[in-house]
Amino acid sequence: MRSLHRPDTGPDPAILDNHLPRVREVERRLMLRGGLSLGLLTMLTGCSPEKNHEIDAALRAISSFNDQVQARLFDPNKLAPIYPASRVLKPPRFNAYYDIQQVKPVDGASWKLELGGLIADKRPWNTQQIAALPQREIIIRHICVEGWDYIGQWSGVPLGDFLKRVGADLKARYVAFQTADNYLSSIDMATALHPQTLLATRYAGAPITDPFGYPLRLRTSTKLGFKNPKWITSMEVTNTYPSGYWEKQGFNWFSGI
Ligand SMILES: Nc1nc2c(c(=O)[nH]1)N[C@H]1C(S)=C(S)[C@@H](COP(=O)(O)O)O[C@H]1N2
Ligand SMILES: [Mo]
């Protein structure tokens, strides 16, 4: 029962306690280090389960997930929730496979985005050329498998627009990214073409700062945090499964809705 004194901000997070065996099973399968939250469950299922029977159905669905099932469930037109600017966290919360002190800033003046694979025009791009393209802004929730999340305000070039501009094969299966810190990451083409997937250059109206991926990072609204590579140096369109840094350690490749 929800307390009368609790503001009505959605389902009581404790509702997951009614489903502990299945919650633990999902946590084991997805290798969640910080535990399953309602926000994560919502992102993984693409709907907001509120009642006991809905939560049970959502947990059952994701405990039988595999990449193929998830790719089939993905609706390219379904938009993730967006939030008001007043809820944006400034600065954002840092994460990487190492500490923030170890971040090696990228020099924007000499930086280039290299293109490879099934792309007609593979000329590299510099920061000015990317800044000159039409931009879009989204305010979305970032959810990390470690069990924390924040709302962030990102702007940049929609990845789908960019892929069309450079003549990418939009029927290819994957878009793979390499980064300055050697963090391999990849997404499916449907997610790449989703209107809320950005090659982001700005956060809360200012250039992204060094720890958060300057000069270019990916921001998807439909994938977990680890599928959002920072400090991108190259992008390849391919039909060969590219895997990724965390996927090689057993994390689910799709990891989104
Ligand atoms: N290049 C690179 N990108 C990365 C990572 C990383 O270690 N290296 N960590 C990922 C993880 S696990 C998360 S949760 C987000 C954190 O992004 P933030 O620091 O902007 O919140 O970046 C993702 N992208
Ligand atoms: Mo993460």
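Indexing begins at 1, ligand by ligand and atom by atom, following the structure's order. Because only heavy atoms are used, hydrogens play no part in the values below, and waters and symmetry mates are left out as well, while side chains stay in.
- Of the protein's heavy atoms, Y183 CE2, 3.5 Å lies nearest to atom 4 (C) of ligand 1.
- Salt-bridge formation is detected for the pair R60/D56: a Lys NZ or Arg NE/NH1/NH2 atom is positioned less than 4.0 Å from an Asp or Glu carboxylate oxygen.
- In summary, D188 and K223 engage in a salt bridge, as defined by a charged side-chain N under 4.0 Å from a carboxylate O.
- D181 and Y98 share a donor-acceptor pair across their side chains, judged by distance under 3.5 Å alone.
- At a threshold of 4.0 Å, the pair R28-E25 does not count as salt-bridged, since none of the basic side-chain nitrogens sits closer than that to a carboxylate oxygen.
- Under 4.0 angstrom from ligand 1, there are no non-hydrogen atoms of P92.
- Checked by atom type, the side-chain pair R173/N239 shows no donor-acceptor distance below 3.5 Å.
- The ligand atoms of ligand 1 that sit less than 4.0 angstrom from a heavy atom of A96 are 6 (C), 7 (O), 9 (N).
- Atom 11 (C) of ligand 1 has F226 CA, 3.7 Å as its closest protein atom, hydrogens excluded (heavy atom only).
- Look at Y150 and you'll find a heavy atom under 4.0 Å from some atom of ligand 1.
- Near F94, the atoms of ligand 1 lying under 4.0 angstrom from a non-hydrogen atom of the residue are 19 (O).
- Using a 4.0 Å cut-off to heavy atoms of F212, the atoms of ligand 1 that qualify are 18 (P), 19 (O), 20 (O).
- Grouping the Ile, Leu, Val, Met, Phe, Trp and Tyr side chains by contacts below 4.5 angstrom, directly or via other members, places L113 with L133.
- The P229 neighbourhood of ligand 1 comprises atoms 3 (N), 24 (N), with distances under 4.0 Å to a heavy atom of that residue.
- The single protein non-hydrogen atom nearest to atom 3 (N) of ligand 1 is K230 N, 3.0 Å, given as residue, atom name and distance.
- Taking a 6.0 Å sphere around CZ of R22, one finds it holds more than 12 heavy atoms contributed by other residues, nucleotides or ligands.
- In terms of polar-atom proximity, N95 is counted as a contact of ligand 1, with an N or O under 3.5 Å from an N or O of the ligand.
- Of the N or O atoms in R93, one or more lie within a sub-3.5 Å distance of an N or O in ligand 1.
- Contact atoms of ligand 1 toward T179: 1 (N) (distance under 4.0 Å to a heavy atom of the residue).
- Here the heavy atom of the protein found nearest to atom 24 (N) of ligand 1 is N228 O, 2.9 Å.
- With a 4.0 Å heavy-atom cut-off, ligand 1 is reached by no atom of Y245.
- Listed by first and then second residue, the salt bridge (Lys or Arg N to Asp or Glu O under 4.0 Å) pairs involving residues 104-125 are D121-R123 (not counting sequence neighbours).
- With hydrogens and angles left out, the side-chain atoms of S37 and W148 include no donor and acceptor closer than 3.5 Å.
- Looking from atom 8 (N) of ligand 1 to the surrounding protein, the closest heavy atom is D181 OD2, 2.8 Å.
- In terms of polar-atom proximity, defined here as any N/O pair under 3.5 Å, Y97 does make such a contact with ligand 1.
- Here the heavy atom of the protein found nearest to atom 14 (S) of ligand 1 is H142 NE2, 3.2 Å.
- Within a 6.0 Å sphere centred on CD1 of I82, other residues, nucleotides and ligands contribute 12 heavy atoms or fewer.
- Salt bridge E247/K227: present, at least one basic N to carboxylate O contact under 4.0 Å.
- Against a heavy-atom cut-off of under 4.0 Å, W231 is close to the following atoms of ligand 1: 1 (N), 2 (C), 8 (N).
- Ligand 1 is approached by R217 to a heavy-atom distance shorter than 4.0 Å.
- No single ILVMFWY cluster, assembled from side-chain heavy atoms under 4.5 Å apart, contains both L218 and Y214.
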